[in-house]
Amino acid sequence: MSLRSAVLDVGYASVVRPALFRAHGGDPELIHESLIGFLGGLGPAARSALRLVSGGPTSPVTVAGVRFPGRVGVAAGLDKDARAVEAWSALGFGFAELGTVTALAQPGNDRPRLYRLKSSQAIINRMGFNNAGAKAMADRLYSLGVRRGELTCGIPLGISLGKSKVTPVADAVPDYVASLRMLAPYADYIAINVSSPNTPGLRTLQEGDLLRDLLTSLTREASQIVHPLGPVPIFVKIAPDLSDAQLDEVIGVVTDHGGRGIIATNTTLARDGLAPADRHLADQAGGLSGAPLTARALQVVTRIAASTTLPVIGVGGIMSPDDATRMIDAGARLVQVYTGFIYSGNGLVAGINARQLGRTT
Ligand SMILES: Cc1cc2nc3c(=O)[nH]c(=O)nc-3n(C[C@H](O)[C@H](O)[C@H](O)COP(=O)(O)O)c2cc1C
């Protein structure tokens, strides 16, 4: 462990996390909102100070033609509306995946919809793509001067697209295409989220024919948007709950129909690995993330890496630098964190950055 990550770990565990987890009467969603608001409110001087403390990304790598300064990124869902987009590089991240956004603004599911399972180092959420919509994100990124390929915020930005809740699954393609059209000018990559468990029917878009139609339309749309860097690369984010046969089908479709990478995995519907103190929350609807997902996400990444040369972004239960190293060793080119960041702060990011990870191309 590096000295920087050790100091950040102690600081986060003894000062920041207790204060943060107690704020707002312990309501995890309000705490999340104020954390994002706080990060989004930092000015250039505060961000520079934070960058000094956090340390920068290391181990650059080129994936799908995009140069990533570091291997560890912000997973989708942390910054759904790009409110904190200027702060992520100052926390040591090498990239950030914004969203998931939908073509239409929507409130998401009723609250409460976010639960911390502390003894299990886990979270259950059924947020349901609460977001201000693709147009609002495009306006925000435009006003910040963000442009694809220009690293305006210091790091590459992915944008995760989902289906609007009111749009029937049968009309999903034009819904995703509308978002892509609005956001492609700002995204270094686009992530197609077909794996959230919290929008009814969404996961059926992982089925062979539906995924093929969606990906074909999106890659066609991307190729019609003229840009010096060529079409924006499209990654597909998948669930950890696919059978081996379903997973192999997804890998085949993404490989054959213009996908440039696979992000594995989203949250799980399984409830294995919960500590006894958290079992009363097992029946809460939604996706489980964090430590109970570590082994399954690694297994999925291993299977994908063994069967395709497409790059894999490993996400799911990365709670320590060792977990990140195992993901990279299993074949992931990049990793992302959400729950681990909530429990360990930027000490986790610094700890991963301190590792010399994997190939560079
Ligand atoms: C509260 C919450 C909201 C999330 N929202 C999204 C989302 O909007 N889009 C998405 O692709 N994944 C979303 N995720 C899933 C994460 O990006 C990640 O795939 C998953 O949590 C596993 O990683 P982790 O164990 O590091 O949290 C969300 C996760 C959490 C905990």
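For ligands, and for the atoms within them, numbers begin at 1 and follow the listed sequence. Basis for what follows: all heavy atoms, side chains included, without hydrogens, waters or symmetry-related copies.
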Peer 1: Could you check atom 26 (O) of ligand 1 against the protein and tell me its nearest heavy-atom contact, residue, atom and distance included?
Peer 2: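 Checked against all protein heavy atoms, atom 26 (O) of ligand 1 sits closest to Y338 N, 3.1 Å.
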
Peer 1: Looking only at non-hydrogen atoms, find the nearest pair between Q121 and M319 and report the distance.
Peer 2: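 In this case the closest contact between Q121 and M319 is O-CE, 3.4 Å.
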
Peer 1: Check this for me - ligand 1, G290, N or O atoms closer than 3.5 angstrom, yes or no?
Peer 2: yes

Peer 1: Heavy-atom distances under 4.0 Å are what count here, so tell me which part of K237 touches ligand 1: side chain, backbone, both or neither.
Peer 2: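 Just the side chain.
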
Peer 1: Using 30° and 60° as the class limits, which term best fits the ring planes of H32 and Y338: parallel, tilted or perpendicular?
Peer 2: parallel

Peer 1: Please report the shortest heavy-atom distance between I155 and D188, naming the atom on each side.
Peer 2: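 Nearest pair, atom of I155 first, then D188: O-OD2, 4.4 Å.
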
Peer 1: Say whether Q336, considering both its backbone and side-chain N or O atoms, lies within less than 3.5 Å of an N or O atom on ligand 1.
Peer 2: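 Looking only at distances, the answer is no, because the N/O contact criterion of under 3.5 Å is not met.
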
Peer 1: Kindly confirm or rule out an N or O of V315 lying under 3.5 angstrom from an N or O of ligand 1.
Peer 2: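 In fact, backbone or side chain, V315 has no N or O that close.
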
Peer 1: Give me the residue, atom name and distance of the protein heavy atom closest to atom 28 (C) of ligand 1.
Peer 2: A76 O, 3.7 Å

Peer 1: At what distance is the nearest protein heavy atom to atom 30 (C) of ligand 1, and which residue and atom is it?
Peer 2: N125 ND2, 3.2 Å

Peer 1: How long is the straight-line distance from CE of M182 back to CG of L141, given to the nearest 0.5 Å?
Peer 2: 12.5 Å

Peer 1: Which of the atoms of ligand 1 are close to L293, meaning less than 4.0 Å from one of its heavy atoms?
Peer 2: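 Those of ligand 1 that fall under 4.0 Å from L293 are 22 (C).
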
Peer 1: Would you check, one step at a time, whether the test ring pair (Phe, Tyr, Trp, His ring centres under 6.0 Å) holds for F93 with F341?
Peer 2: CA-CA 11 Å; F93 286 103; F341 178 67; 5.4 Å; yes

Peer 1: Taking N or O atoms only and a 3.5 Å limit, does N193 qualify as a polar contact for ligand 1?
Peer 2: yes

Peer 1: So if I count the atoms of ligand 1 from 1 in the order they appear, which ones are less than 4.0 Å from some heavy atom of T265?
Peer 2: 19 (O), 22 (C)

Peer 1: Dump the intermediate steps for salt bridge (Lys or Arg N to Asp or Glu O under 4.0 Å) on R326 and D322, then the final yes or no.
Peer 2: CA-CA 6 Å; R326 276 189 280 271; D322 283 345; 5.0 Å; no

Peer 1: Would you mind running through ligand 1 and noting each atom that sits below 4.0 Å from a heavy atom of T267?
Peer 2: 15 (C), 20 (C), 21 (O)

Peer 1: Below 3.5 Å, N or O to N or O, backbone or side chain included: is there any such pair between I123 and ligand 1?
Peer 2: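 Between I123 and ligand 1, no N or O pair is found under 3.5 Å apart.
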
Peer 1: If you count the atoms of ligand 1 from 1 in the order shown, which ones are under 4.0 Å from a heavy atom of S289?
Peer 2: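 The atoms of ligand 1 under 4.0 Å from a heavy atom of S289 are 21 (O), 25 (O), 27 (O), 31 (C).
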
Peer 1: Please determine if R116 forms a cation-pi arrangement with F21, meaning its NZ or CZ atom is less than 6.0 Å from the six-membered ring centre and no more than 45° off the ring axis.
Peer 2: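 Verdict for F21: a cation-pi partner in R116.
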
Peer 1: Do D171 and K163 meet the salt-bridge criterion of a basic N to acidic O distance under 4.0 Å?
Peer 2: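 Salt bridge absent between K163 and D171.
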
Peer 1: At a 4.0 Å threshold, what atoms of ligand 1 neighbour a non-hydrogen atom of K80?
Peer 2: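 It comes down to these atoms of ligand 1: 5 (N), 7 (C), 8 (O).
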
Peer 1: Run the side chain to side chain contact (heavy atoms under 4.5 Å, CB included) test on Q206 and Q246 for me, step by step, so that the C-alpha distance in whole Å, both residues' side-chain angles and the decisive distance to 0.1 Å come before the verdict.
Peer 2: CA-CA 8 Å; Q206 294 174 111; Q246 290 171 320; over 6 Å; no

Peer 1: What atoms in ligand 1 come closer than 4.0 Å to a heavy atom of L114?
Peer 2: 1 (C)

Peer 1: Go through the steps for K80 and E29 under the test salt bridge (Lys or Arg N to Asp or Glu O under 4.0 Å), then give the verdict.
Peer 2: CA-CA 13 Å; K80 285 178 184 280; E29 183 163 351; over 6 Å; no

Peer 1: Which protein heavy atom lies closest to atom 27 (O) of ligand 1, and at what distance to 0.1 Å?
Peer 2: T339 OG1, 2.5 Å

Peer 1: I need the minimum non-hydrogen distance between A134 and S179, along with the two atoms involved.
Peer 2: CB-OG, 3.9 Å

Peer 1: Check ligand 1 against G77 and write out every atom of the ligand that is under 4.0 Å from a heavy-atom position of the residue.
Peer 2: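 Every atom of ligand 1 under 4.0 Å from some heavy atom of G77: 4 (C), 5 (N), 6 (C), 7 (C), 8 (O).
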
Peer 1: Could you verify whether a donor N or O on one side chain and an acceptor N or O on the other, from N131 and T102, lie under 3.5 Å apart?
Peer 2: yes

Peer 1: Under 4.0 Å from a heavy atom of G317: which atoms of ligand 1 are those, numbered in the order shown and with their elements?
Peer 2: 24 (P), 25 (O), 26 (O)

Peer 1: Heavy atom under 4.0 Å from ligand 1: found in N266's side chain, backbone, both, or neither?
Peer 2: both

Peer 1: Flag T100 as yes when one of its N or O atoms lies below 3.5 Å from any N or O atom of ligand 1, and as no otherwise.
Peer 2: yes

